[in-house]
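Each remark here refers to the structure printed beneath this line.
In what follows, every chain begins at residue 1, and chains take the letters A, B, ... in the order their sequences are listed. This is a predicted model, so every value here is computed, not measured.
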Amino acid sequence: MPELPEVETVRRGLASAVLAADIVSAQVRHRRVVRRQPGGARHFTIALAGSRITSVQRRGKYLWLELADGGCDGAALVAHLGMSGQFRVTEKQRIHDNHARAALRLADGRTLLFRDQRTFGWLLLSDIGATGVPEAVAHIGRDPFDPEYDLAAVSARLASSNSGIKRQLLSQTVVSGVGNIYADEALWRAEVFPETPGVLLGQQRCAEVLTQAHAVMAAALAAGGTSFDPLYVAVNGESGWFERSLDVYGREGEPCRRCGAPIMRERFTNRSSHRCPKCQAPPH
DNA sequence: CATTTATCCTGTAAGC
DNA sequence: TGCTTACAGGATAAAT
């Protein structure tokens, strides 16, 4: 599932593949991909035609292409990969792809394709506000790789809430980029019970969790960046390039690498939570 | 306001 | 073998 390291890998691939490219035309191949777009597919395709890609940006799991000229001057094409979204650049003229949701024809003959099996991903044209991020991304907190990310401020906010620490990590509003996999990994590294309320955890322990989240995502990014093909700017949700490095996620029943106790899996808000029952025991 | 829950979707895999 | 069911989960609208 694409979390920050995977999305950053895609961002780098897009930057090397389509920076300064001109968009000749846009095609929506599945309506659902533009479900958040005011004006729908019609506005989307009309506005994109004639635009130029001037930069490729990211915050948390959100990606965007800054645009100039055309009907999108000063706006951005915001993309969220959801569970299974991929970008791909192809030289092919005819697209035979059941999962292709949108296609941008580039002036040099190539096509930038947005593919998405489970259709949780989306594309949206959004104006870039005074903060420098698209309006559609304004509610998302800075991620740990952001130069203006403030560890003390974020940990203070986490520690001021009664909500459980994992829930807060996944919310994307205080800090962004962390999904279910890296949340479990960070909490294991910090030896924290996932449902510990922020207020009970305290600012120092919250900071430790955030530091570990940053560390594990940096390691994953380093691993993901090594096998990179600029013409196949892809995220495979099931791909396991970092899987062998995971300490708890998907390791139910296997021994904890710190203490040997069998890793347990629990239901958590319609998904799974993995933890060591000894290293990450509930408080009290 | 803060916080929690239901919902969207489809390919894969396990169970009967 | 073939059908049914559970599961994976990010973000957000709706509910509490």
Distances for protein N/O vs nucleotides 9-13 of chain B N/O pairs under 3.5 angstrom?
unit_1 : atom_1 : unit_2 : atom_2 : d
B:dG11 : O4'    : A:Q117 : OE1    : 3.1

Original post:
Among all residues two or more places apart in sequence or in another chain, which pass the side chain to side chain contact (heavy atoms under 4.5 Å, CB included) test with A:D73?
Top reply: A:A68

Subject >> Any side-chain donor near an acceptor of the partner, A:R275 and A:Q280, under 3.5 Å >> reply: no

Original post:
So, is the end of the A:R11 side chain (NZ or CZ) under 6.0 Å from the ring centre of A:W64 and within 45° of the ring's axis?
Top reply: no

Check: protein-nucleotides 12-16 of chain C nitrogen or oxygen pairs below 3.5 Å:
unit_1 : atom_1 : unit_2 : atom_2 : d
C:dT12 : OP1    : A:R36  : NH1    : 2.8
C:dT12 : OP1    : A:Y62  : OH     : 3.3
C:dT12 : OP2    : A:H139 : NE2    : 3.0

Original post:
Once you round it to whole Å, what is the distance between P of B:dA14 and CD of A:E252?
Top reply: 13 Å

**OP:** Decide if the gap between the ring center of A:F145 and the ring center of A:H214 is smaller than 6.0 angstrom.
**Re:** yes

Subject >> Positions of residues 157-170 of chain A (non-hydrogen atom under 4.0 Å from DNA chain B), listed by number >> reply: A:S161, A:N162, A:S163, A:R167

**OP:** Check A:V7 against A:L81 and note the closest heavy-atom contact, atom names and distance.
**Re:** CG2-CD1, 4.0 Å

Subject >> Degree of bending in the helix from B:dA2-C:dT16 to B:dC16-C:dG2 once both end axes are built from five pairs, to 10° >> reply: 50°

Original post:
Is the backbone of A:I140 close enough, under 3.5 Å, to the side chain of A:R59 for a donor and an acceptor to pair up by distance?
Top reply: yes

Original post:
Hey, does the side chain of A:H80 come within less than 4.0 Å of C:dA11's phosphate (OP1/OP2), counting only N and O?
Top reply: yes

Subject >> d(NZ, A:K61; C1', C:dA11) in whole Å >> reply: 8 Å

Subject >> Euclidean distance, atom NE2 of residue A:H274 to atom C1' of C:dA8 [Å, nearest integer] >> reply: 11 Å

Subject >> Residue pair A:I128 / A:E66: nearest heavy atoms and the distance that separates them >> reply: CD1-CG, 3.6 Å

**OP:** State whether a side-chain donor-acceptor pair under 3.5 Å links A:S176 with A:K61.
**Re:** no

**OP:** Verify the cluster assignment for A:L123 and A:V56: are they in a single hydrophobic cluster under the rule of side-chain heavy atoms below 4.5 Å apart?
**Re:** yes

Subject >> A:R58 CZ to C:dG10 C1', straight-line distance once rounded to whole Å >> reply: 16 Å

Subject >> Donor-acceptor side-chain pairing of A:S25 and A:R105 below 3.5 angstrom >> reply: no

Original post:
Is there a chain of hydrophobic side chains (I, L, V, M, F, W, Y, each step under 4.5 Å between heavy atoms) that links A:V175 to A:V137?
Top reply: no

Original post:
CG of A:D184 versus C1' of C:dA8: gap in Å, rounded?
Top reply: 13 Å

Original post:
Distance only, no hydrogens: is a donor on one side chain within 3.5 Å (strictly under) of an acceptor on the other, for A:T119 and A:Q117?
Top reply: no

**OP:** Compare every heavy atom of A:E252 with every heavy atom of A:H274, then report the nearest pair and how far apart it is.
**Re:** CD2-N, 4.5 Å

**OP:** Measure from CG on A:D116 to P on C:dA11 and round the result to the nearest Å.
**Re:** 13 Å

Using a cutoff of under 3.5 Å, can you pull out all pairs of nitrogen or oxygen atoms linking the protein to nucleotides 4-7 of chain C, with atom names and distances?
none

Subject >> Integer-rounded Å distance: C:dG10 P and A:F268 CZ >> reply: 11 Å

**OP:** Mind listing the closest non-hydrogen atom pair of A:G40 and A:V34 along with its distance?
**Re:** C-CG2, 4.4 Å

Subject >> Nearest heavy atoms of A:C279 and A:C259, plus distance in Å >> reply: SG-SG, 3.8 Å

Original post:
Rounded to the nearest 0.5 Å, how far apart are CZ of A:R189 and CG of A:D184?
Top reply: 13.0 Å

